[in-house]
Amino acid sequence: MTELEAGRAQTLVPQRGGAALQRYRDVLIALIAFAVLASLPLFTGSKALLDFVIRCSAYGLFATSLNLLVGYTGLTSFGHGMFFGLGAYSFGLIMQKLGVPIPIAFVATLAITAIVAAIIGAICVRLKEIYFAFVTLAFQMLIHSTILSWASFTGGDQGLRGGIPRPAFLGINLANHVHLYIASCALLILGLLAMRQIAQSPFGYTLRMIRDNAARASFLGIDVWRAKLTVFVLAALFAAMGGMVMALFVSGAYPEFAYWTISGEAIFINMLGGVSTFLGPMVGTVLLLLLNDTVTRFTEYHGIVLGVVILFFALGLRKGLLDFVAEWYAHRRETGEGR
């Protein structure tokens, strides 16, 4: 072994140890977060609060999956909501038409989403910047139009009527509101943990390299197209998970789940929370839902209020809330060490 190889081997050991320690810490934080959320029904009988957490689970998975594209890969998708809608409709139709157990419907929905995402992604990821954004939007509008026009199968503009069957499995009854709440929290934590591991893996750092300089990444031997397609499919799967949570929550699926505005909400959520920190989209989700729920109680012009909030973050902070806090904390820490 040469001296260079020996030095490289020595530096890799602590890096690998540090990565393993980081994974254990992430798992521990995830377990604590799930324990806190799961114990919430023991301390409050507020159905509204539990409903709020379920909605946060659905939109949090959706928005964080978009950040895999926007924040880590530099791919701004205007049509990411198509996978949220696809997950909701696929899951609802499988349960209504086939009546299979919920875990089988869940896996089948992910398989359908992966196939559709692979086909759409193979076309879109070859494009750059604005072209990628608008072609994804075009595909979303195509899926939305299909939902509206195929009324005999999808219910058209009325959505899936008759509710979604929720047969019990493994002692879990999702017709029970508390069981649904805990299952939604479990999917949220598992989804966030999986996306965190993706972001912190060598593949995640490859995505950052592609985001910063795709030409240099290609020169170094990275298959940029394959990496982009892989993260596109992965992001679609997590968005579909959010769609399934929402379908279970409302016991149906509606065309609005696949409309372009749902993608706009996800982009807005990322703007609110920030794209440079992993939990930024979750913070943005909580902020947006709180704003919607609060503002609509006092005025019907909630769109104006949300517009003012967007201007504040875009022109005032010029970054998401969690990004701002992280940057402020890092600056304060550097200042303290300098003293």
Side-chain angles (χ1 to χ4, degrees), residues 8 11-12 15-16 19 22 61-84 86 113-142 191-192 194-240 260 263-264 266-281 284 314 318-320 322-323 326-327 330:
R8 185 181 302 167
T11 56
L12 281 176
Q15 289 176 357
R16 289 174 180 171
Q22 179 69 45
L61 284 168
F62 175 43
T64 307
S65 71
L66 177 61
N67 196 38
L68 287 179
L69 297 177
V70 177
Y72 291 95
T73 318
L75 296 173
T76 303
S77 173
F78 289 168
H80 195 58
M82 63 180 142
F83 301 117
F84 185 84
L86 182 63
T113 303
I115 293 171
V116 174
I119 295 172
I120 295 175
I123 299 171
C124 294
V125 298
R126 297 180 183 276
L127 306 173
K128 295 182 179 180
E129 286 97 28
I130 195 66
Y131 300 103
F132 171 85
F134 279 104
V135 172
T136 55
L137 176 61
F139 274 110
Q140 175 164 3
M141 296 310 296
L142 175 63
L192 290 178
M195 285 187 274
R196 172 69 174 174
Q197 300 313 305
I198 291 171
Q200 295 301 113
S201 69
F203 175 69
Y205 284 96
T206 299
L207 296 178
R208 292 173 176 84
M209 183 185 297
I210 292 172
R211 175 198 63 193
D212 296 337
N213 195 324
R216 180 176 295 177
S218 179
F219 178 75
L220 292 174
I222 295 172
D223 191 335
V224 174
W225 177 82
R226 180 175 295 178
K228 287 183 176 180
L229 179 60
T230 301
V231 74
F232 188 88
V233 174
L234 289 173
L237 292 176
F238 291 111
W260 66 268
S263 296
I267 293 173
F268 183 29
I269 286 171
N270 279 273
M271 287 179 61
L272 281 176
V275 297
S276 299
T277 49
F278 177 75
L279 291 178
R318 297 187 179 182
K319 55 179 65 70
L322 200 57
D323 288 352
E327 187 175 301

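What you are looking at is a predicted structure, and each value in this text was computed from that prediction instead of being measured.
- To the nearest 0.5 Å, atom CG of residue L234 and atom CD1 of residue I198 are 4.5 Å apart.
- Under the 4.5 Å side-chain criterion, counting only non-hydrogen atoms from C-beta, F232 is not in contact with L75.
- Looking at residues two or more places apart in sequence or on another chain, you find no side chain to side chain donor-acceptor pair (under 3.5 Å) involving T113.
- Using a 4.5 Å heavy-atom cutoff, the side chains of S77 and L66 are in contact.
- Counting only residues at least two apart or on different chains, no ring pair (Phe, Tyr, Trp, His ring centres under 6.0 Å) pair has a member in residues 197-222.
- To the nearest 0.5 Å, the span separating CZ on F278 from CZ on R196 amounts to 6.5 Å.
- Of all the heavy atoms in P281 and G274, the pair that sits closest is CD-O, 3.6 Å.
- Residues passing the side-chain contact (heavy atoms from CB on, under 4.5 Å) test with A239 are F62, S65, H80, F83, sequence neighbours excluded.
- Of the possible donor and acceptor atoms, none in the side chain of T64 sits under 3.5 Å from a partner among the backbone N and O of L61.
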Considering only distance and modelled atom types, tabulate donor-acceptor pairs under 3.5 Å from the side chains of residues 116-124, sequence neighbours left out.
none

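- Scanning for side chain to side chain donor-acceptor pair (under 3.5 Å) contacts around T73 gives an empty result, with sequence neighbours left out.
- For the atom pair L68 CG and L207 CG, the distance stands at 8.0 Å (nearest 0.5 Å).
- The shortest distance between side-chain heavy atoms of L279 and L322 falls below 4.5 Å.
- Note: M82 CE to L142 CG = 9.5 Å, rounded to the nearest 0.5 Å.
- When the side chain to side chain donor-acceptor pair (under 3.5 Å) test is applied to Q197, the partners found at least two apart in sequence or on another chain are D26.
- At least one donor-acceptor pair under 3.5 Å links the side chain of D223 to the backbone N or O of R226.
- Between the N270 side chain and the A266 main chain, a donor and an acceptor come within less than 3.5 Å of each other.
- Under the side-chain contact (heavy atoms from CB on, under 4.5 Å) criterion, I210 pairs with T206, A214, A217, I222, V224, A227, K228, sequence neighbours left out.
- Every salt bridge (Lys or Arg N to Asp or Glu O under 4.0 Å) that K319 has, sequence neighbours left out, goes to E327.
- Atom OG1 of T76 sits about 7.0 Å away from atom CD1 of I267, to the nearest 0.5 Å.
- For the atom pair OG1 (T136) and OH (Y131), the distance works out to 14.5 Å, reported to the nearest 0.5 Å.
- Residues passing the ring pair (Phe, Tyr, Trp, His ring centres under 6.0 Å) test with F78 are F134, sequence neighbours excluded.
- A salt bridge (charged side-chain N to carboxylate O under 4.0 Å, His left out) check over residues 119-141, counting only residues at least two apart or in different chains, returns nothing.
- Scored by the side chain to side chain donor-acceptor pair (under 3.5 Å) test, T277 finds D323 as partners (sequence neighbours excluded).
- Considering only residues two or more places apart in sequence or on other chains, A199 meets the side-chain contact (heavy atoms from CB on, under 4.5 Å) condition with Y72, R208.
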